There are 2 protein chains.
Amino acid sequence: MSEIKRRDVLLPTPAPKGRGLLPDLLGYNLRRAQVALFQDFAAATAEHDVTPGQFGVLVPIDATPGLNQTELGDAMGVDRSTVVAAIDRLQKRNLVERRPVPGDRRSHALHLTAQGQQLLTRMVPAVRAHETQFSGHLTEAERRQLIALLKKLAG
Amino acid sequence: MSEIKRRDVLLPTPAPKGRGLLPDLLGYNLRRAQVALFQDFAAATAEHDVTPGQFGVLVPIDATPGLNQTELGDAMGVDRSTVVAAIDRLQKRNLVERRPVPGDRRSHALHLTAQGQQLLTRMVPAVRAHETQFSGHLTEAERRQLIALLKKLAG
DNA sequence: TATTGTTATACTCTATAACTATA
DNA sequence: TATAGTTATAGAGTATAACAATA
């Protein structure tokens, strides 16, 4: 009876009432692509027990060790209060640590712990494999161009 | 003192330890673009009191009236149980209704209410304006190509 | 047996507002 | 006054597992 799979069917019939253009919106397609990718990512990295969102926190800390929570929030586009909870979770798992900043006792310098660095290192092969597998419908040139366009849009 | 804005700075310093390629991953850039777009969308449509996620539920119901909850979940890439809560919220606000399906008493046919249709109609101008504004750094050709690549990726 | 919807449960992600400590 | 972090609070979004009704 032809099972319907997620990636097969989205909007089976033409839209009525002249609103058929909405599914061609950037945000709509961006969101759908991101949801699909996150699910595949989560499945591909399940053994490491890190959500895509948590991975998205570890990466900028690894790339810019010592940044503070406000800077991390700015880099991620989320509020300072959101960062607190995210770092709490990662600190509880001993992946990230808050270090005092010599010149400013209000601020915390964020660093990956040795364990956090090891985790990221261990995850890299799975992450790369996922990247290759998930972008399987794109040529390498298309994949690069997609990333370039996304950067132009958001960064 | 040069305030740092979200769209200005992401990864201020080159990544150490040979992991600098991670920020070039598809998922990382997809997520960042989507977060930025959703926030701008939310701000641009704040008066309508609909989250980007809720908008993303209303659109496929409008495009495919009468679909059931399992089909909606498949279309959105989320679990059936997630759909229940999402529809509950929209039904409570009288934007969506569950109708009985003649041939199958297990199933609910989803439809926008008159109020839901009016809301969507009223939102369209703001949504289009947001689309134009947000993709301001892209040419129209680039915007179209980005959407084409996203469709190729996710559905 | 299989499918549709639901509930119970738990966790992540998010923001606003008010607060403390520090600058 | 302004900034960094925190807490309290609230809500959205998500999944898994178990269940009832129906097919």
Side-chain angles (χ1 to χ4, degrees), chain A residues 1-4 6 31-32 34-43 46 49-58 66-74 76-93 95-96 98-110, chain B residues 1-4 6 31-32 34-43 46 49-58 66-74 76-93 95-96 98-110:
Chain A
M1 56 146 270
S2 84
E3 185 196 37
I4 295 174
R6 174 165 53 82
R31 177 173 173 277
R32 289 180 27 73
Q34 195 255 312
V35 166
L37 189 142
F38 264 36
Q39 287 177 345
D40 274 29
F41 181 100
D49 199 29
V50 171
T51 68
Q54 288 166 344
F55 183 77
V57 172
L58 297 177
L67 85 173
N68 70 25
Q69 298 183 188
T70 298
E71 288 164 351
L72 177 59
D74 288 342
M76 294 177 60
V78 301
D79 192 83
R80 297 196 307 280
S81 63
T82 301
V83 173
V84 174
I87 297 300
D88 282 352
R89 283 188 285 269
L90 293 171
Q91 192 174 43
K92 202 174 301 176
R93 293 182 53 187
L95 298 175
V96 167
R98 290 165 160 110
R99 293 189 197 159
V101 174
D104 188 341
R105 292 201 295 170
R106 295 171 304 179
S107 199
H108 293 158
L110 299 175
Chain B
M1 58 148 268
S2 83
E3 185 195 38
I4 294 174
R6 174 165 52 84
R31 177 173 173 277
R32 289 182 25 72
Q34 195 254 311
V35 166
L37 189 142
F38 263 35
Q39 287 177 344
D40 275 28
F41 181 100
D49 199 30
V50 172
T51 68
Q54 288 166 345
F55 182 78
V57 173
L58 296 177
L67 84 175
N68 71 25
Q69 297 182 190
T70 298
E71 288 164 351
L72 177 59
D74 288 342
M76 294 176 60
V78 300
D79 193 81
R80 298 197 307 279
S81 63
T82 301
V83 174
V84 174
I87 297 300
D88 281 352
R89 283 187 284 269
L90 294 171
Q91 192 174 43
K92 202 174 300 176
R93 293 182 52 188
L95 298 175
V96 167
R98 291 167 161 110
R99 294 189 196 159
V101 173
D104 189 341
R105 290 202 296 173
R106 295 172 305 180
S107 198
H108 291 158
L110 299 175

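Since this is a predicted model, take the numbers as computed values, not measurements. In what follows, every chain begins at residue 1, and chains take the letters A, B, ... in the order their sequences are listed.
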- Query: Per the atom types in the model, does the base of D/dT16 pair as donor or acceptor with the side chain of B/S81 at under 3.5 Å?
  - Reply: yes
- Query: Per the atom types in the model, does the base of D/dG5 pair as donor or acceptor with the side chain of A/R106 at under 3.5 Å?
  - Reply: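 Checked by distance alone, the answer is no.
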Would you indicate, yes or no, if [N] has its OP1 or OP2 atom less than 4.0 angstrom from a side-chain nitrogen or oxygen of [X]?
X: A/R98; N: D/dG5; answer: no
X: B/S107; N: C/dG5; answer: yes
X: B/T51; N: D/dG11; answer: no
X: B/Q39; N: C/dA15; answer: yes
X: B/R89; N: D/dG11; answer: no
X: B/T70; N: C/dT3; answer: no

- Test B/I87 against B/V57 for side-chain contact (heavy atoms from CB on, under 4.5 Å), laying out the working first. CA-CA 8 Å; B/I87 297 300; B/V57 173; 4.1 Å; yes
Round to a whole Å and report the spacing from [atom1] of [X] to [atom2] of [N].
X: B/F55; N: D/dA12; atom1: CZ; atom2: C1'; result: 18 Å
X: B/L58; N: D/dA12; atom1: CG; atom2: P; result: 14 Å
X: B/D88; N: D/dA12; atom1: CG; atom2: C1'; result: 13 Å
X: A/L67; N: D/dA4; atom1: CG; atom2: C1'; result: 13 Å
X: B/R93; N: D/dG11; atom1: CZ; atom2: P; result: 13 Å
X: B/Q54; N: C/dT14; atom1: CD; atom2: P; result: 17 Å
X: B/D49; N: D/dA10; atom1: CG; atom2: P; result: 17 Å
X: B/Q69; N: D/dA15; atom1: CD; atom2: C1'; result: 16 Å

- B/H108 or A/G103, whichever maps to the more 5' nucleotide of DNA chain C: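 The answer here is B/H108.
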- Message: So which atom in A/G53 and which in A/F38 form the shortest heavy-atom distance, rounded to 0.1 Å?
- Response: N-CE2, 4.2 Å
- Query: Which heavy atom of A/D49 sits nearest a heavy atom of A/R93, and at what distance?
  - Reply: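 For A/D49 versus A/R93, the nearest heavy atoms are O-NH1, 2.8 Å.
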- Item | Pair A/Q54-A/L90, side-chain contact (heavy atoms from CB on, under 4.5 Å): steps then yes or no | CA-CA 8 Å; A/Q54 288 166 344; A/L90 293 171; 4.1 Å; yes
- Closest listed nucleotide, where the reference is the side chain of B/D104 and the choices are D/dA23, C/dT6, D/dG5: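 Closest nucleotide to the B/D104 side chain: D/dA23.
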- Query: Where the side chain of B/D79 is defined as all heavy atoms beyond and including C-beta, which of D/dG5, C/dG5, D/dA15 is the nearest nucleotide?
  - Reply: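 It is D/dA15.
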- Task: Give B/R105 one of three labels, base, sugar-phosphate or nothing, depending on what nucleic acid heavy atoms sit under 4.0 Å from its own.
- Result: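 Sugar-phosphate contact only.
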- Message: Mind checking if A/T82 touches a base, just sugar-phosphate, or nothing, with heavy atoms under 4.0 Å?
- Response: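 The answer is base, as A/T82 lies within the cut-off (heavy atoms under 4.0 Å) of a base atom.
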- Message: Is it the case that the side chain of B/E71 and the backbone of B/N68 share a donor-acceptor pair, with hydrogens and angles ignored and the cut-off at 3.5 Å?
- Response: yes
- Item | Minimum side-chain heavy-atom gap B/Q34-A/V35 below 4.5 Å | no
